[in-house]
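A short write-up of the structure that comes next.
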Amino acid sequence: MQTARLATPRGTRDVLPPASERIRSLTGRFAETAQRAGFRQVITPIFEHAEVFRRVGESTDIVSKEMYEFRDKDQRLMALRPELTAPLARAFANHRPRTPWRVWYEGPQFRYEKPQAGRYRQFNQVGAELIGSDDPQADAEMLALAWRFCEALGLRQVILLINSLGSPADRAAFSSALGSYFARRLGDLSEQGRATLAVNPLRLLDSKRPEDRLAAAAAPDIAEFLSKEAAGHFQTVLDALGRLGIPFAIEPRLVRGLDYYRHTTFELRSLALDGAQDAVGGGGRYDGLVADLGGPPTPGVGFAMGVDRLLLACDAEDAFDVQEQDLDIFVVDVIGGVEATLLADEIRQAGISAERAFDKRSMKAQMKAADRSGARFALLIGAEELASGTVTLRDMRRDDGEAPRGAQVRIPRGAVCEEILRRLAVEARTPA
RNA sequence: UUGGCCGUAGCUCAGUUUGGUAAGAGCGCCGGGUUGUGGUCCCGGAGGUCGGGGGUUCAAAUCCCCUCGGUCAACCCA
């Protein structure tokens, strides 16, 4: 009797090596970039009280339709986090750390959507937040962090789109102007467009439906609704980008999905990704969020980037190649029993990476395995070695055209680590 | 939530139009090519609920329905 095979739930997947190595490496690179800028990691729960998200995005699909909600055993309404800015703002409100609070994060998030390439129900993001400053230079700093990270990955076909939604009052005025503009063109809108209008007129601006695009063609421009102060803030950010040498395009239709954004809002898109999933990251300023979550009124600015999409973009650009980690030693065990276990343990304790064979397979099979493991040396232990108190160290390099087979030497069992370390050190000094 | 395309070995796919002798290939994996030695080559082998269920038929990978999953687009967004 065989039990039925179980698949991963829809929109989720197993990430096996070597793909997992790439994710780890990308996350590590982000951590480095952020740490260098004085950001420190925050780890928040995977699930939160649903209230945390409900408070900040009742009108967004992410919260109203796509959230994984459940009742725990005490009937408390919980939610798997669909995004990370709200939990970070919640954590800030709870702990009241010294400002400006500079933090980064990474981890899975969950949205109940129909999966597509680059869109999963469980997906990973890396991101950073700077809470406690309304200085436009803080916006510039976050933009620089996101941009330099893309550069560090080797991405060259990413563009920065930026916009300002102004102060809450500006945003509200613009929104109602848009509302009446579209109300006059109800007949031109698609059915879904009319539904969107009722919920959030701003969202009609980036609709991809042709009717809606046409109807939006002559829509009011956000720029005309910015207060003097908001316009100044935006201009300062743009000037900073210019001085930083970071190219950008102002996109007055850029609205973004979460409705806590104020002032600066931006998106990073990969031109190498075609299709609808070309946004690799986005963010902006959210000056009202901390207060919404019960904290003191505190400004904040941040961004998040999709790990999986970044990797898709890297693939498309042939960037961020992660070479498999080198293995120093592969222990070939011809005798079976504990000897190889002791040998492997000993050299690992000496800081040498080592894999080994099991099951006393034929030597030929073990040598094949050693070859495929990519190990620099094979370390053979068999009856002869055991009897003479030695081991055989064999060079597994395969790229030397002349040398027919790797050279091998017998070394005293007691000097194994020393000898391997010596050889590895020599190579480190004289790279091929 | 809506619509299009797709679903055959671990992977990439052929076979589906014209239902039967189509359960196949390459790669990968395992073993062998005489003493304890990798990459190439040669030989052999294992491995498949043809996504799942139902129906039509003497007969279904092949036709019909439902369903699950993937993908593309709308929606939404990372």
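Just so we're on the same page: letters track the sequence lines, and every chain starts at 1. The analysis underlying the following values was restricted to heavy atoms, covering all of them including side chains, and did not include hydrogens, waters or symmetry mates. Just so it is clear, the model here is predicted, and its values are computed rather than measured.
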Heavy atoms only, 4.0 Å cut-off, all strands: where does [X] land among base, sugar-phosphate and nothing?
X       : answer
R111(A) : base
G118(A) : base
E385(A) : base
A117(A) : sugar-phosphate
M305(A) : nothing
A369(A) : nothing
G193(A) : nothing

Under 3.5 Å, is there an N or O donor on one side and an acceptor on the other linking the side chain of [X] and the base of [N]?
X       : N      : result
K114(A) : U2(B)  : yes
R119(A) : C76(B) : yes
E191(A) : A74(B) : no
Q408(A) : U37(B) : yes

[X] side chain N/O closer than 4.0 Å to the phosphate oxygens (OP1, OP2) of [N]?
X       : N      : result
S207(A) : C75(B) : yes
R372(A) : C29(B) : yes
R269(A) : A78(B) : no
R10(A)  : G69(B) : yes
R361(A) : G31(B) : yes

Rounded to the nearest angstrom, tell me the gap between atom [atom1] in [X] and atom [atom2] in [N].
X       : N      : atom1 : atom2 : result
K368(A) : G32(B) : NZ    : C1'   : 10 Å
D308(A) : U71(B) : CG    : P     : 12 Å
L205(A) : C75(B) : CG    : P     : 13 Å
K65(A)  : U1(B)  : NZ    : P     : 11 Å
L189(A) : A74(B) : CG    : C1'   : 16 Å
I381(A) : U37(B) : CD1   : C1'   : 16 Å

Atom [atom1], compared across [N] and [M]: separation rounded to whole Å:
N      : M      : atom1 : result
C76(B) : U57(B) : P     : 48 Å
U12(B) : G31(B) : C1'   : 25 Å
G52(B) : C72(B) : P     : 24 Å
A60(B) : G70(B) : C1'   : 24 Å
C66(B) : U16(B) : P     : 25 Å
U40(B) : G36(B) : P     : 23 Å
C29(B) : C65(B) : P     : 42 Å
U62(B) : C50(B) : C1'   : 10 Å

The side chain of [X] is closest to which nucleotide in this list: [options]?
X       : options                : result
K364(A) : A78(B), A74(B), G33(B) : G33(B)
S362(A) : G32(B), G36(B), C76(B) : G32(B)
R209(A) : C75(B), G70(B), G31(B) : C75(B)
Q192(A) : C75(B), U2(B), A78(B)  : C75(B)
E66(A)  : U37(B), C76(B), A78(B) : C76(B)
M367(A) : C75(B), C76(B), G38(B) : G38(B)

Quick one: are L84(A) and T44(A) in side-chain contact, heavy atoms under 4.5 Å?
-> yes
State whether a side-chain donor-acceptor pair under 3.5 Å links [X] with [Y].
X       : Y       : answer
T392(A) : E385(A) : yes
R54(A)  : S64(A)  : no
Y286(A) : E129(A) : yes

Complement of [N], any strand, by Watson-Crick or G-U distances under 3.5 angstrom:
N      : result
G20(B) : C58(B)
G10(B) : C27(B)
U1(B)  : A74(B)

Full working for side-chain hydrogen bond (donor to acceptor under 3.5 Å, both in side chains) between Q116(A) and Q277(A) = CA-CA 9 Å; Q116(A) 277 178 40; Q277(A) 273 70 246; 2.8 Å; yes
Using modelled atom types only, decide if a donor and an acceptor are shared between the side chain of S373(A) and the backbone of A370(A) within a distance under 3.5 Å.
->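 Side chain of S373(A) to backbone of A370(A): a pair is present.
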Is the backbone of E113(A) close enough, under 3.5 Å, to the side chain of R119(A) for a donor and an acceptor to pair up by distance?
->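 Flag not set: sc R119(A) to bb E113(A) has no pair under 3.5 Å.
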Counting only heavy atoms not in Y68(A), do more than 12 sit closer than 6.0 Å to its OH atom?
-> yes
